[in-house]
Enquirer: 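Just dropping this structure here.
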Amino acid sequence: MTMGEELRAWLPAGGFGEELYVFDEVDSTNTTAAALAHDGAAEGTLVVADHQRRGRGRGGSRWETPPGTAIALSLVLRPSVEHPQRWTGLGALAVADGLQQEGLAARIKWPNDVLLEGGKVAGVLAEADWEGDRLSHLVLGIGVNVRRGSVPEQGLAFAATCVEEHAGRVVSRVRLITAIVQALELRFAQLGSARFLQAWEERLAYVGEHVRVEMGQVTWEGRLLGLGAEGEARLLLADGREVSCTGEARSLRPVRSGR
Ligand code: BTN
């Protein structure tokens with residue numbers, strides 16, 4: 001069976017992924033999904049590719065998706081505009097949920113990275129298309145390193161890992177995609193709720209630890225307290241002030257003594 005046939009067999013009818021596009025190769029699944037959304041694709045339309053020629057990461061970085069090794073998926077969503085800061089968290093939380101189905105306890109490095117034992121295993125790129133203050137669509141792109149060949153060997157600002165390294169066995173990409181897409185559907189329905197925020201916060205990495213958050217020109221260092229009402233990272237600074245960092249932050253890093 002092809003990956004597309006397998007996915008069709010695994011994804012429940014009538015839910016996210018009912019409209020499914022599977023490619024051997026694309027430039028970026030986010031670009032393809034955005035074009036489909038622009039042409040009126042329904043909410044829940046799913047684009048999956050085995051290989052991305054020009055995969056994109058946050059902040060204009062490249063995202064490698066070598067063939068046969070990783071998951072590259074993008075989902076078309078048309079959410080209400082009330083909670084835009086939660087959109088990235090939605091992707092990260094769904095990946096963590098999906099990994100839990102594989103018996104793996106993932107943490108979320110705020111705002112958009114998913115970690116297994118401290119190494120980055122997945123990233124989320126949420127791209128919204130606005131017409132004035134009206135949201136035309138949101139594309140939620142998710143990249144997961146599954147096999148060893150998907151982990152870039154150099155040029156990374158943060159240590160990377162892959163799912164199979166931690167599972168200690170072969171992991172089916174189709175099964176993991178299915179679990180992530182089902183989690184996306186479930187969590188999307190909870191997006192406006194306190195329950196969503198609680199689930200996100202429960203998965204948060206480095207809570208209680210000293211972290212550094214880069215926000216444009218400003219860098220904050222302090223103890224990570226948890227999430228604010230919209231999913232901002234709350235930091236307690238050394239002078240006792242509390243600051244909230246929005247999802248526009250470039251990066252969050254643990255600051256450990258001796259480093
Ligand atoms: C990051 O951590 O910088 C975000 C990486 C997001 C990568 C995914 S792979 C599927 C989708 N298509 C892309 O071009 N990017 C996202």
Side-chain angles (χ1 to χ4, degrees), residues 3 7 16-17 20-38 41 44-77 85 87-96 98-99 106-116 118-129 137-147 149-152 154-163 173-174 176-178 180-181 183-184 203 205 213-214 233 247-253:
M3 197 185 197
L7 268 173
F16 281 6
L20 175 66
Y21 296 81
V22 180
F23 299 93
D24 289 338
E25 201 176 78
V26 289
D27 278 349
S28 155
T29 54
N30 265 31
T31 307
T32 305
L36 289 165
H38 193 259
T45 297
L46 178 65
V47 178
V48 175
D50 182 45
H51 170 49
Q52 293 188 116
R53 288 179 293 255
R54 292 188 186 81
R56 291 184 277 112
R58 278 182 100 223
S61 62
R62 270 184 75 101
W63 182 268
E64 301 296 338
T65 310
T69 64
I71 290 172
L73 70 82
S74 299
L75 190 73
V76 175
L77 293 172
Q85 289 204 57
W87 295 342
T88 306
L90 168 67
L93 186 52
V95 173
L99 289 171
R107 314 297 293 175
I108 297 171
K109 182 167 85 67
W110 183 90
N112 74 316
D113 292 344
V114 182
L115 309 180
L116 282 174
K120 176 166 171 172
V121 72
V124 179
L125 181 65
E127 294 184 306
D129 185 37
H137 63 258
L138 169 71
V139 170
L140 201 58
I142 294 177
V144 187
N145 302 330
V146 179
R147 313 203 194 298
S150 61
V151 182
Q154 53 196 18
L156 292 179
F158 195 86
T161 189
C162 65
V163 178
R173 287 186 295 164
V174 168
L176 186 52
I177 292 169
T178 305
I180 292 170
V181 171
L184 280 167
R203 301 276 197 187
V213 179
E214 284 179 32
E248 299 307 308
R250 267 206 314 258
S251 75
L252 178 148
R253 296 268 185 280

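Everything numeric in this text was worked out from a predicted model, so none of it was measured. Atoms within a ligand are numbered from 1 in the order they appear, just like the ligands themselves. All heavy atoms count here, side chains included; hydrogens, waters and symmetry mates do not.
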Enquirer: Measuring only between side-chain heavy atoms, which start at C-beta, is Asp113 closer than 4.5 Å to Phe158?
Expert: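 With C-beta onward as the side chain, the pair stays apart.
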Enquirer: Just one of Val144, Ile142, Val121, Asn145 clears the side-chain contact (heavy atoms from CB on, under 4.5 Å) bar with Val114, so which one?
Expert: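 Result for side-chain contact (heavy atoms from CB on, under 4.5 Å) with Val114: Val121.
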Enquirer: Does a sphere of radius 6.0 Å around CG in Asp24 hold more than 12 heavy atoms from other residues, nucleotides or ligands, not counting ones at 6.0 Å or beyond?
Expert: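 Open: at most 12 neighbouring heavy atoms sit under 6.0 Å from CG of Asp24.
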Enquirer: Indicate yes or no: at least one non-hydrogen side-chain atom of Val151 is less than 4.5 angstrom from one of Thr161.
Expert: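 No, too far: nothing below the 4.5 Å cut-off.
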Enquirer: Heavy atoms, side chains only, cut-off 4.5 Å: are Val139 and Val47 in contact?
Expert: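 Contact flag for Val139/Val47 side chains = no.
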Enquirer: Within the 4.5 Å heavy-atom criterion, are Ile177 and Met3 side-chain neighbours or not?
Expert: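 Answer yes - side chains close enough.
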Enquirer: Protein N/O near ligand 1 N/O, under 3.5 Å, which pairs?
Expert:
| residue | atom | partner | partner atom | Å |
| --- | --- | --- | --- | --- |
| ligand 1 | 2 (O) | Lys120 | NZ | 2.6 |
| ligand 1 | 3 (O) | Arg58 | N | 2.7 |
| ligand 1 | 12 (N) | Thr29 | OG1 | 3.1 |
| ligand 1 | 12 (N) | Gln52 | OE1 | 2.9 |
| ligand 1 | 14 (O) | Ser28 | OG | 2.7 |
| ligand 1 | 14 (O) | Gln52 | OE1 | 3.4 |
| ligand 1 | 14 (O) | Arg56 | N | 2.7 |
| ligand 1 | 15 (N) | Arg56 | O | 2.7 |

